[in-house]
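Below is one structure, written out as structure tokens; comments come after it.
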2 protein chains.
Amino acid sequence: MRPTVHDIAAAAGVSLATVDRVLNQRPGVRHVTREKVEAAIRELGYIRDVAAANLAKGRTYSLVFILPASDNSFMYGLNAEIRQAILRSPAERTDIRTIEVPAFDPAALVSVLEELSREKPCGIAMVATDAPEVRAIVDRLVRAGFPIVTLVSDLTGSLRHHYAGVDNIAAGRTAARLLGRFLGPRKGEIAVLAGSMLVRDHRERLEGFTSVMAEEFPDLTILPVLEGRDDPEIAHMLVADALSRNAGIIGVYSLGAGNRGLIRALKEKAVDRTLTVIAHELTAHTRAALLDHTIDAILNQDAGHEVRSAVRVLKAKADGLAVIEAQERIRLDIFLKDNLP
Amino acid sequence: MRPTVHDIAAAAGVSLATVDRVLNQRPGVRHVTREKVEAAIRELGYIRDVAAANLAKGRTYSLVFILPASDNSFMYGLNAEIRQAILRSPAERTDIRTIEVPAFDPAALVSVLEELSREKPCGIAMVATDAPEVRAIVDRLVRAGFPIVTLVSDLTGSLRHHYAGVDNIAAGRTAARLLGRFLGPRKGEIAVLAGSMLVRDHRERLEGFTSVMAEEFPDLTILPVLEGRDDPEIAHMLVADALSRNAGIIGVYSLGAGNRGLIRALKEKAVDRTLTVIAHELTAHTRAALLDHTIDAILNQDAGHEVRSAVRVLKAKADGLAVIEAQERIRLDIFLKDNLP
DNA sequence: GATTTTTTGATTTACGTACATCAGAATTGG
DNA sequence: CCAATTCTGATGTACGTAAATCAAAAAATC
């Protein structure tokens, strides 16, 4: 049987009330007494029964998800997963709410965080916009005791407790190696379609991609990046244009959203040539394209896993508990047509 | 506020005791009364507070993991993950125990299951050996109300509640496509190293592998399977022999364990030729081989995820709760040297 | 209609923790 | 040494559910 507060009280030779004061860091305990109790806790290996504690407190974890107001299909999926989490709320003692902020707008994000600091939720998950002022307020909130995790897009160098997202540099590197290996000995040019070079994830993917390409696949030349702004129409235009203009293109890496446009362009312009294509994010469109061989591989991050992980980590941090690191690591999924879920 | 048993009692116009009798399917409630209570439960959307219930019951979930007594590094890792789960037991109200049975021995497995049926654990996770008599007793236990999940190796056609493992046919198909694409236009022969064709996982991987090879990569010929019995020494011998004998080998697929021997053979015999190699299971050895380019890709199943998933599913089934399907799906991880964890 | 059986109600205790109150003890300051 | 202050103990209630007991009511049986 695991020890209870009663056992601690008996072992430390104090009353239940004193144990309670120590456990919940309430005032009114002399230093020596507190040490006695803490020693007993350590010796007996006492672990607070979180379920019972939450029951007694009537606690619910109020969590806030801050998301950019961009309507690409990845964010759409992320939203859907949060709604799923909200449906599970009663069973998980959570009370989840989302706040939309304009995308790429550090000031807006900062002001939302300011407001939250007054409201005192139990935890905050945010798709970070990488800016010094955001880092500053995140650090301030963390120091003030708020559990904070970044979601999908990290805030490196900040004090955030956890990052629930993939390593985008590794994703870019993986894309490069896959593309390089799939193309084998062929020489030629690679078109890269990104959303915007202002977005950190995209910059990082490109960085990883170019470095592996340069190191290991010198026969492949990367063309200037096409910035499709995650918009299918623009993506279509840019890719179609590049393909008609340049007959030397033998591979495409799409590291952002707007793949619907990419796929259309490929079907129009590339039926006759063997193009190797790698794209990010598994959606209905990319899945179909993978199955009909328009795309050769899809790199994906599981939004459901990211949301569930963020919730678990925030709850654990709110209770001062440890997380299972391996469980919270978001993997880079590589999908070929054979291992689709 | 979510409704409690008190609210149900008030709404149904019965006493707390009656609600309890209905909720815990105790006798002594007239049919009409039971219906009244059930209606109230539905109308108010009552969900039992599992944490409070477990507290009241003093419940711990006694779970049994049945594992084959084979000491390859995957099973070793699986064991380690179970030990981790045991360490978490106090916080998770679980009481986990493992039972080793001789590998590939249906009779032994059946007798262990027979015994467990008397002991009445809350749930059983088992690495299944695929045999009719095993299926029969699993079905009997499921019908008797035991939650049962298969782990790593499934028992198709049985009534087991869940399978915590990868789709091995998809794994084989994925391996074939990766190998085929990596080899590009080259023609040649492929060596396949398996543990034993008596193991279902291995048979399925091979099945997936050969079918994609036949369909899509006709220039690649699969040589007769080398059965290394998951033993590094035997694997080394078989692969070294095959490589010296056959100069036409340009690719290797290792779908079982014993990769240490494979890697040694590759380093001895294949330094001069460019061989493309795909192996299963990420271990210290395969990881090193991936990093030094001896192996080109590793397919992996995350034993930690499998164990945690099995525990979650068994607990949920024991309580008659739903599981989050997407969370319990075990993915086939594809590791290149760039996305290693 | 009396008797037996079944069904229901009322009440209590328990699980492990949180939190509040009040009295009493120990410590400190003057 | 007394008063003021700081600590500690004892006790009770609460959270939502389980489970047991015993009495009372209702239904079924004869």
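Order of the sequence lines fixes the chain letters, A, B, ..., with proteins taken first and strands second; residue numbering starts at 1 for each chain.
- Of the possible polar contacts, one joining the B/Thr4 side chain to the B/His6 backbone as a donor-acceptor pair under 3.5 Å is found.
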Readout for nucleotides 15-30 of chain C: B = base within 4.0 Å of protein heavy atom, S = sugar-phosphate only, - = neither; 5' to 3' it is BBBBB-------S---
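- With a 4.5 Å cut-off on side-chain heavy atoms, A/Phe65 and A/Ile99 do not count as touching.
- When each of A/Lys317, A/Lys315, A/Arg308, A/Arg312 is paired with A/Glu328, the salt bridge (Lys or Arg N to Asp or Glu O under 4.0 Å) condition holds for A/Arg312 and for no other.
- Protein atom NE2 of B/His31 is 14 Å distant from nucleotide atom P of D/dA28, rounded to whole Å.
- Residue B/Thr18 places at least one side-chain N or O under 4.0 Å from the OP1 or OP2 atom of C/dG9.
- Per the geometry, CZ belonging to A/Arg34 stands 13 Å off P belonging to D/dG9, to the nearest Å.
- By the side chain to side chain contact (heavy atoms under 4.5 Å, CB included) test, A/Arg26 pairs with A/Asp20, A/Arg21, A/Asn24, sequence neighbours left out.
- Cation-pi geometry between A/Arg59 and A/Tyr61 is met: under 6.0 angstrom from the ring centre, within 45 degrees of the axis.
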